[in-house]
Amino acid sequence: MKEFAGSTGLVLNEPLLFEKGKKGRSGISLPRRDVEFSELDETLTGNGPNFPDLSEVEVVRHYTRLSTWNFGVDTGMYPLGSCTMKYNPKTNEKQAALPGFAGAHPLLPAALSQGALKVMFELERLLAEITGMDAVSLQPAAGAHGELAGMLVFHAYHKSKGSRRSKIIVPDTAHGTNPASVALCGYSPVNVKSNDRGVLSADTIAAVMDDETAGIMVTNPNTLGFFEENIREIAEIVHDKGGLVYADGANMNAMLGIVSMSEVGIDVLHLNLHKTFSTPHGGGGPGAGPICVRKHLEPYLPTPRIVDDNGEYHLSYDFPSSIGKLHAFYGNWGIIIRAYSYILSLGADLKKVSQLAVLNANYIKEKLKDTLQLAYDRPCMHECVFSDKLQAPLKITTLDMVKRLIDYGFHPPTIYFPLVVHGAIMIEPTETECKEDLDLFVEAFKEVVREAGEDPERLYKAPWRTKVRRLDETGAARNPRLTCGGGN
Ligand SMILES: *Cc1c(COP(=O)(O)O)cnc(C)c1O
């Protein structure tokens, strides 16, 4: 197989620290004891945890080696569709670690927290400007939490109008968290199909929107990577029947500063700071999923809210129509600083983030469209979706192809999602990949597909060059084997 830069490394076998330890070895030298032997020492050595004895360098090497077995955006391209695994500039980490920020105590009075409150207040204003919305709350801890907050806002709004509504329209191209959030809030999701262009038709919405429907929840751009081009008309249909329009803005990386969400008819939008605004993610958090609303929904935002009292900031609970508190204090502070740092360091160039993200995705789409079947052959936004149709006659699946991609040093794209595409391969390169790296990825994918025709066995059993090989993924998740001896 062809060699790719950074795709192979030293293969080290690493025993557990418990297997490595040697009685009496130590990472520190303490002066000889000059006091009586005490009971406490005996309980620690007798009944305490049986930790292994190791030297400092043994521990450092152990963890440093393990860290190199992990794939991250700092070691290679991570084209995981829908997740926006862009490179996260290190300056954001540095700002979040500033002692005044990292050590800020959430129970300090407002008078001693003016800097922190100002950062949060200003970030809300910046997010409002970027999205074209009016008011923002930074409280929700993740995208799905923002969705729940949005559904609660829908509910509070309809309640204030004395209107009882039980349904929310959710298209088949929505993210899976959307119907889940709808159901968690007590609404019933009404599933609607996208058209042959991969977007919603206004007619489809007109046919289901009624006065028992609280509104619609659209992922825009949707999970096929297309902008919902009929969104304005759809919003009008929903508004005419007294409903509200929610946009899942986790894919905002495609349209920063380009689309005003309020102008296209959106009432509530959530953002994923950990995706679009550059916080390392993928390990399960923490994240932040602020919600942005239009003026008429501002009274329902979660409390507390940050208030600017002639240059003095404080948290206020004085919002009687609010849906209430959603998170301890005011959200995930560390993520808020990273997003603020990211936005300020890019300034007006923020728009270029989206332009380049869209350009990169279209580049990959064009380069791979003779190799893989394009689900919809039309310009995409920040990600492109292929199917495994061309490989099906060879009995090669999407899973086989992306597992082999690992041998070439690339993290697999998102697969089998969205559900509307058979054997979906969803590629989101993000703006932070240069042309040379995109070319390497394209070349690797072409190589994998060529191998599929020549020697399918190589794909059935891939990956070959990793610490562990093809796993039973369900079994591996249910019964994780935490030792690495044996190589399987
Ligand atoms: C990631 C994502 C979500 C969920 O966000 P979390 O922070 O993981 O809860 C929702 N919608 C879309 C489109 C996403 O890509």
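Just so it is clear, the values below take in all heavy atoms, side chains as well, and ignore hydrogens, waters and symmetry mates. Residue numbers count from 1 along this sequence. Whatever order the structure lists them in is the order used to number ligands and atoms, beginning at 1.
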Please tell me whether Asn222 and Thr219 have a donor and an acceptor in their side chains that are separated by less than 3.5 angstrom.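 Per modelled atom types, Asn222 and Thr219 side chains form no pair under 3.5 Å.
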
Regarding His175 and Thr177, is there a side-chain donor-to-acceptor distance under 3.5 Å anywhere?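 His175 vs Thr177: donor-acceptor pair found between side chains.
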
Quick one: does any side-chain atom of Thr414 pair with a main-chain N or O of Gly81 as donor and acceptor, under 3.5 Å?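 Here the side-chain-to-backbone pair exists.
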
Does the plane of the ring in Phe154 sit parallel, tilted or perpendicular to the ring in Tyr246? Use 30° and 60° as the thresholds.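 Ring orientation, 0 to 90° scale: perpendicular.
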
Over 60° means perpendicular and under 30° means parallel, so classify the ring planes of His145 and His327, tilted if in between.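 If you compare the ring of His327 with that of His145, the planes turn out tilted.
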
Once side chain to side chain contact (heavy atoms under 4.5 Å, CB included) is applied, do any residues pair with Ser160, and if so which ones, sequence neighbours excluded?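 Listed in chain order: Tyr300.
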
Got the residues with a heavy atom under 4.0 Å of ligand 1, by chain and number?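 Within 4.0 Å of ligand 1, the protein residues are Ser82, Ala142, Gly143, Ala144, Glu147, His175, Thr177, Thr219, Asp248, Ala250, Asn272, His274, Lys275.
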
